[in-house]
Amino acid sequence: MMELKVDLGERSYPIYLGEGLLKDCAAYFDKHAISKRAPLLVVTDESVARHHLQPVMDSLTAGGYKASSFIVPPGEGSKSLQMLEKIVTAALEAGLDRKSAIVALGGGVVGDLAGFAAASFMRGIAFVQMPTTILAHDSSVGGKVAVNHPLAKNIIGAFHQPEMVLYDVTTLQTLPQRDISAGLSEMIKHGLIWDADFVTWLENNREKLLSLDPEALQYGLYQGCKVKSLVVSQDERENGLRAILNLGHTIGHALEAVAGYNELLHGEAISIGMVGSARLAMKLGYSEDIYTVTKRILQSFGLPVRLPEQYDTARIMSALMHDKKFKEGTMTFIIPTAVGQVEIRNDVRREWVEEVVEQLKREA
Ligand SMILES: NC(=O)c1ccc[n+]([C@@H]2O[C@H](COP(=O)([O-])OP(=O)(O)OC[C@H]3O[C@@H](n4cnc5c(N)ncnc54)[C@H](O)[C@@H]3O)[C@@H](O)[C@H]2O)c1
Ligand SMILES: O=C(O)C(=O)C[C@@H](O)[C@H](O)[C@H](O)COP(=O)(O)O
Ligand SMILES: [Zn+2]
């Protein structure tokens, strides 16, 4: 078992990463003084519940916790205000109080949704992350929790750090292939923004990662979590540095919103977005190398780099205006300047972005 610390002063917490952790989860709850007196609510989705809910409930019950579960439909559509209300209803019916905790067992959708429920229920209760996707090495760390609005992704949210992240990597063995690639997209992002050696390692270990080789997977997740926690520890609330974690997301989030949150997976949308950012880098005078490497690595992991023709550029541009980083006139983008390096640019012109969106539809 590996352990990493997210260093946030009194809000610091550990990430436990290893095999078979779910069946012993009660021991970790004990270690973190999660209340046994107050009921817990485990939020998960139907696909995760089918494979991984029982050992969690068994361990918690055997450990003396009063746990019930709430199961949402799988997919981005569940990250909604309507689903949040249903969770609050379930929490009230189960008798949760201010000493209770909400537990997120699932991928980023469940983590963001359950996390926002924990941040808002009774103005904030304890929260535990139990990630079950590769992508969730990103989403379970750092405390960003949110639901979507039809017009803008993650626009209703909060910062609410978990008590711990309990990452049982054996759960990943049941992931569908498309979600494996989509999750690796954020891992590649962590390399591209911070660590050129990690990018090389990712390219050299592609086959192992795509086939869920346990050792390669654990190393990749550890490195990804390390980058995420180093960045978050320096800038918890995105006053500066943390924005680099948004590489590919300005365009990516707009694509997800235009697609009605049900065509492109998050990791796929940001893959296209990262190619878009690399194209913007060229407009800002950086060499073509970063574009070539970005596109090559994403394609080799089976990720999309071309925007389907049917996505209307005007609608994408309109969705971009709702981005949290949008300021009148110019736009803020995370621009890759070399492999493992990015800069935050506030001077990206709207017309360049429009041109890049069109170019993305012709990407080979
Ligand atoms: N808060 C953050 O910092 C942050 C960071 C990155 C992404 N996100 C958010 O995360 C979300 C995407 O997360 P995701 O890709 O994990 O999506 P997800 O939670 O929808 O999971 C992907 C799919 O895999 C299924 N699944 C999950 N675990 C499984 C398992 N072990 N076995 C079988 N099936 C399993 C789910 O049912 C779902 O269909 C997006 O909403 C994105 O905005 C948040
Ligand atoms: O943690 C962060 O900060 C990130 O930007 C990580 C992203 O991968 C993630 O998708 C996040 O939810 C995006 O945040 P947002 O503030 O742009 O909605
Ligand atoms: Zn993301």
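Computed from a prediction, not measured in an experiment: that's the story for all the values here. The analysis underlying the following values was restricted to heavy atoms, covering all of them including side chains, and did not include hydrogens, waters or symmetry mates. Order of listing sets the numbers, starting from 1, for every ligand and every atom in it.
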Check ligand 1 against Pro74 and write out every atom of the ligand that is under 4.0 Å from a heavy-atom position of the residue. 37 (O), 39 (O)
With only distance considered, is Asp112 within less than 3.5 Å of ligand 1 through an N or O on each side? yes
Do Leu53 and Val48 come close enough that some side-chain heavy atom pair is under 4.5 Å? no
Are Leu255 and Ile316 packed together at the side-chain level, in the sense that at least one heavy-atom pair is separated by less than 4.5 angstrom? yes
Which of Tyr28, Tyr222, Phe29 passes ring-ring contact (aromatic ring centres under 6.0 Å, His included) with Tyr16? It is Tyr28
Can any side-chain N or O of Glu358 pair as donor or acceptor with the backbone N or O of Glu354 at less than 3.5 Å? no
Shortest non-hydrogen separation from Asp45 to Val110 and the atoms involved: N-CG2, 3.8 Å
Just need the protein heavy atom nearest to atom 38 (C) of ligand 1, so name the residue and atom and give the distance. Asp45 OD2, 4.1 Å
CD/Glu215: more than 12 non-hydrogen atoms of other groups inside 6.0 Å: no
Under 4.0 Å between heavy atoms, the region of Asn154 that gets near ligand 2 turns out to be side chain
Work out whether the distance between some heavy atom of Asp138 and some atom of ligand 1 is less than 4.0 Å. yes
Atom of Gln173, atom of Leu212 and distance for their closest heavy-atom approach: NE2-O, 3.2 Å
Show me which atoms of ligand 2 lie under 4.0 Å from any heavy atom of His253. 13 (C), 15 (P), 17 (O), 18 (O)
With a cut-off of 4.0 Å, which atoms of ligand 1 are near a heavy atom of Thr133? 16 (O), 21 (O), 27 (C), 28 (N)
If hydrophobic clusters are built from ILVMFWY residues whose side chains come within less than 4.5 Å, do Phe159 and Phe121 share one? no
So side-chain hydrogen bond (donor to acceptor under 3.5 Å, both in side chains) across residues 260-280, not counting sequence neighbours, yields Arg178-Glu268, Glu186-His266, His249-His266, Glu256-His266, Glu263-Tyr311, Arg279-Tyr291, Arg279-Glu363
As an exercise, identify every atom of ligand 1 less than 4.0 angstrom from a heavy atom of Gly107. 16 (O), 19 (O)
Just which atoms of ligand 2 are under 4.0 Å from any heavy atom in Lys189? 6 (C), 7 (C), 8 (O)
Does His52 come within less than 4.0 angstrom of ligand 1, counting non-hydrogen atoms of the residue? yes
In the protein, what heavy atom is nearest to atom 6 (C) of ligand 1, and what distance, to one decimal place, separates them? Glu186 OE2, 3.3 Å
With only distance considered, is His249 within less than 3.5 Å of ligand 2 through an N or O on each side? yes
Closer than 4.0 angstrom: is that true for some heavy atom of Ser78 and an atom of ligand 1? no
Students should be able to answer this: which protein heavy-atom is nearest to atom 26 (N) of ligand 1, and at what distance? Val48 CG2, 3.8 Å
What's the shortest distance from atom 1 (N) of ligand 1 to any protein heavy atom, and which residue and atom give it? Lys144 O, 2.8 Å
For atom CD of Glu85, decide whether the heavy atoms of other residues, nucleotides or ligands shown that lie under 6.0 angstrom number more than 12. no
Ignoring hydrogens and angles, tell me if any N or O in the side chain of Lys189 forms a donor-acceptor pair with the backbone of Leu245 under 3.5 Å. yes
The number of protein N, O or S atoms lying under 2.8 Å from the Zn ion (ligand 3) is 3
So which heavy atom in the protein is nearest atom 41 (O) of ligand 1, and how far is it from that ligand atom? Glu76 OE1, 2.7 Å
Mark the output for His266 as yes if a heavy-atom distance to ligand 2 is under 4.0 Å, and as no if none is. yes
Going by the atom numbers of ligand 1, which of them fall below 4.0 Å from some non-hydrogen atom of Ser47? 37 (O)
Counting heavy atoms under 4.0 Å, the part of Pro176 that contacts ligand 1 is side chain
Under 4.0 Å between a Lys/Arg side-chain N and an Asp/Glu carboxylate O for Arg11 and Glu236? yes
Closest heavy-atom contact between Val147 and Leu113? CG1-CD1, 3.8 Å
Suppose I only count heavy atoms of Thr171 and a 4.0 Å limit; which atoms of ligand 1 are within that range? 30 (C), 31 (N)
Derivation and outcome, side chain to side chain contact (heavy atoms under 4.5 Å, CB included), residues Gln341 and Leu192: CA-CA 7 Å; Gln341 285 174 38; Leu192 290 173; over 6 Å; no
Which of the atoms in ligand 2, numbered in the order shown and given with their element, are less than 4.0 Å from a heavy-atom of Arg242? 1 (O), 2 (C), 3 (O)
On a heavy-atom basis, which atom in Ser185 and which in Gly267 lie closest, and how many Å separate them? OG-O, 2.8 Å
Does ligand 1 have any atom that is closer than 4.0 Å to a heavy atom of Lys228? yes
Which atoms of ligand 2 sit under 4.0 Å from any heavy atom of Lys144? 1 (O), 2 (C), 3 (O), 4 (C), 5 (O), 14 (O), 15 (P), 16 (O)
Donor-acceptor pair, side chain of Asn346 and main chain of Thr332, under 3.5 angstrom: no
Given the options Gln223, Lys228, His190, His137 meets side-chain hydrogen bond (donor to acceptor under 3.5 Å, both in side chains) only with His190
Are any of the N/O atoms in Lys228 less than 3.5 Å from those in ligand 2? yes
Applying a strict 4.0 Å limit to heavy atoms, is His253 in contact with ligand 1? no
Counting only heavy atoms not in Lys361, do more than 12 fall under 6.0 Å of its NZ? yes
How far apart are the closest heavy atoms of Asp235 and Leu241, and which atoms are they? OD2-N, 3.1 Å
Lys153 heavy atoms within 4.0 Å reach ligand 1 at atoms 40 (C), 41 (O), 42 (C), 43 (O)
To the nearest 0.1 Å, how far is atom 35 (C) of ligand 1 from its closest protein heavy atom, and which atom is that? Leu175 CD2, 3.7 Å
Which residue from Ile155, Asp138, Val231 reaches closest to atom 8 (O) of ligand 2 through any of its heavy atoms? Asp138
Locate the shortest heavy-atom distance separating Pro73 from Met83; write the atom from each residue and the value. CD-CE, 3.6 Å
Looking only at protein heavy atoms, which one is nearest to atom 12 (C) of ligand 1, and how far off is it? Leu135 CD2, 3.7 Å
Distance to 0.1 Å, residue and atom name: give those for the protein heavy atom nearest to atom 20 (O) of ligand 1. Val109 CG2, 3.2 Å
Take atom NZ of Lys208 as the centre, draw a 6.0 Å sphere, and report whether it contains more than 12 heavy atoms from other residues, nucleotides or ligands. no
N/O to N/O below 3.5 Å, does that happen between Thr174 and ligand 1? yes
